[in-house]
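Below: the structure, in structure tokens.
What you see below is based on every heavy atom in this structure, not just the backbone, and it leaves out hydrogens, waters and symmetry mates. Just so we're clear, the structure is a prediction, and the values are computed from it rather than from any experiment. First listed ligand is number 1; within each ligand, the first listed atom is number 1.
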Amino acid sequence: MIRLKTKEDIEKLKRGGKILSAVLDEVEKVIKPGITTQSLTDLAEKIIIEAGGRPSFKGYKAAWADGVYPAALCVSINEEVVHGIPAPNRVIKEGDIVGIDCGLEYEGRYTDMARTIIVGKVKPGLKKLVSVTQESLMKGIKQVKPGNKISDISRAIEEHVKKHEFSVVRQLVGHGVGFSAHEDPQIPNFVDRSLPDVVLKAGMVIAIEPMVNVGGAEVDSLEDGWTIVTHDSSISAHFEHTVAVTEDGYEIITK
Ligand code: MF3
Ligand code: CO
């Protein structure tokens, strides 16, 4: 069931989105060779709590994993696609690309955001991977308006990624968000004819989150129950915004 948000809900979400975006800005600033992924999640959690929010990923019970997610932030490096668990012995190094993904509950409303950071000098092609992934998110967002369908978002993302000969991950998708961390509908990053193709309506709030691989689209889940990696160990990038459908188009909540 898709639950529409009121103007008041959107105002709350925008206040949260502003905080969440600032959290990722601060985490991005400290990403340097030598820093541990644990210190990144500690920083994110500290800022969220000081701002009066709650890190919505920490303690999250997902349908797909036993146990709960243990941290405020997901940190997914190189061939890790999403949901990497921070650890005190995991050190970022020159040449890594680092996905940071965070969720915030603020005034009872949920926002979700991710970006991929390039650390120093990276292998040829990786800057392109990161920029194409970010561009594909923006192309998806531009399709958001009442009357368009979810498949219009999916198609815009998929076309851009294919044009640059990368692959879109198919086993994980974007989602509704706002009253909880994950809601209906699903927002695939490819045209999926097996899903109902919902028509967008003002008041819907969705998290659009393309995950893009240099190699094949296949992904696997690690033993830790959370970390998703590419099957062929190729490098992967991820960007995400929470977006509201407005009367005349869209508004990015996590600006
Ligand atoms: N942004 C992630 C997603 O929508 C949320 C991670 S789930 C958590 O898939 F368990 F890590 F919180
Ligand atoms: Co998400």
Side-chain angles (χ1 to χ4, degrees), residues 2 13 16-17 19-21 23-24 27-28 37-38 40-42 44-45 48 53-77 80-87 90 98-106 109-117 133-134 136-137 140-141 144 150 153-154 157 168-190 195 204-213 219-230 236-244 252-254:
I2 298 173
L13 283 162
I19 295 168
L20 185 56
S21 175
V23 168
L24 289 194
V27 171
E28 177 170 352
T37 59
Q38 183 67 45
L40 301 182
T41 193
D42 290 345
E45 185 165 351
I48 288 172
R54 184 182 74 81
S56 59
F57 292 179
K58 194 173 182 177
Y60 183 77
K61 174 78 193 84
W64 63 84
D66 303 326
V68 297
Y69 189 75
L73 191 69
C74 299
V75 186
S76 309
I77 303 174
E80 296 169 354
V81 180
V82 285
H83 305 167
I85 302 175
R90 187 78 193 272
V98 181
I100 49 175
D101 185 356
C102 197
L104 170 69
E105 180 188 355
Y106 188 74
R109 302 294 178 278
Y110 289 74
T111 48
D112 193 352
M113 184 182 201
R115 56 178 87 144
T116 298
I117 314 300
T133 308
Q134 185 168 26
S136 75
L137 169 60
I141 290 173
V144 175
I150 288 176
I153 301 171
S154 309
I157 294 171
V168 162
V169 172
R170 303 169 76 90
Q171 283 146 274
L172 296 124
V173 297
H175 49 93
V177 65
F179 295 132
S180 64
H182 292 118
E183 300 172 19
D184 288 340
Q186 293 187 37
I187 316 286
N189 299 300
F190 60 99
L195 287 179
M204 286 182 184
V205 177
I206 55 178
I208 306 177
E209 51 178 318
M211 290 149 268
V212 176
N213 302 346
V219 298
D220 300 316
S221 186
L222 293 188
E223 297 278 275
D224 65 18
W226 290 97
T227 312
I228 306 292
V229 295
T230 56
S236 186
H238 177 216
F239 281 83
E240 177 175 23
H241 268 309
T242 297
V243 180
I252 299 177
I253 298 292
T254 43

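- Ligand 1 places these atoms under 4.0 Å from at least one heavy atom of Asp112: 1 (N), 4 (O).
- Residue contact annotation: His175 places an N/O/S atom under 2.8 Å from the Co ion (ligand 2).
- Under 4.0 angstrom from ligand 1, the non-hydrogen atoms of Cys74 all belong to its side chain.
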Which is it for Val82 and Cys74 under the side chain to side chain contact (heavy atoms under 4.5 Å, CB included) test, yes or no, and what are the steps along the way? CA-CA 7 Å; Val82 285; Cys74 299; over 6 Å; no
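- Between Tyr69 and ligand 1, not a single N/O pair is under 3.5 Å apart.
- As for Asp112, its N/O/S atom nearest the Co ion (ligand 2) is the one called OD2.
- Within the 4.5 Å cutoff, the side chain of Val219 has heavy atoms near those of the Asn213 side chain.
- Here the protein heavy atom with the shortest distance to atom 9 (O) of ligand 1 is His83 NE2, 3.0 Å.
- Note: an N/O pair closer than 3.5 Å links Asp101 and ligand 1 by distance alone.
- The line from CZ of Arg90 to OG1 of Thr41 is 14.0 Å long, rounded to the nearest 0.5 Å.
- At a 3.5 angstrom cut-off on N or O pairs, His182 counts as close to ligand 1.
- When the N, O or S atoms of Glu209 are ranked by distance to the Co ion (ligand 2), OE2 comes first.
- Here's the thing with Trp226: none of its N/O atoms is less than 3.5 angstrom from an N/O atom of ligand 1.
- Residue Met113 places no heavy atom under 4.0 Å from ligand 1.
- When side chains are defined from C-beta on, Leu40 does not count as touching Asp42, because their heavy atoms never get closer than 4.5 Å.
- Gln171 is not listed as a side-chain neighbour of Trp64, based on a closest heavy-atom distance of 4.5 Å or more.
- The side-chain heavy atoms of Ile77 and Glu80, taken from C-beta on, include a pair separated by under 4.5 Å.
- By the 4.5 Å heavy-atom criterion applied to side chains, Ser136 and Val168 are not counted as neighbours.
- Using a 4.5 Å heavy-atom cutoff, the side chains of Val144 and Ile208 are in contact.
- The His175 neighbourhood of ligand 1 comprises atoms 4 (O), with distances under 4.0 Å to a heavy atom of that residue.
- Of all N, O or S atoms in Glu240, the one lying closest to the Co ion (ligand 2) is OE2.
- Of the protein's heavy atoms, Phe57 CZ, 3.3 Å lies nearest to atom 5 (C) of ligand 1.
- Between Tyr60 and His182, the ring-plane angle classifies as perpendicular under the 30° and 60° cut-offs.
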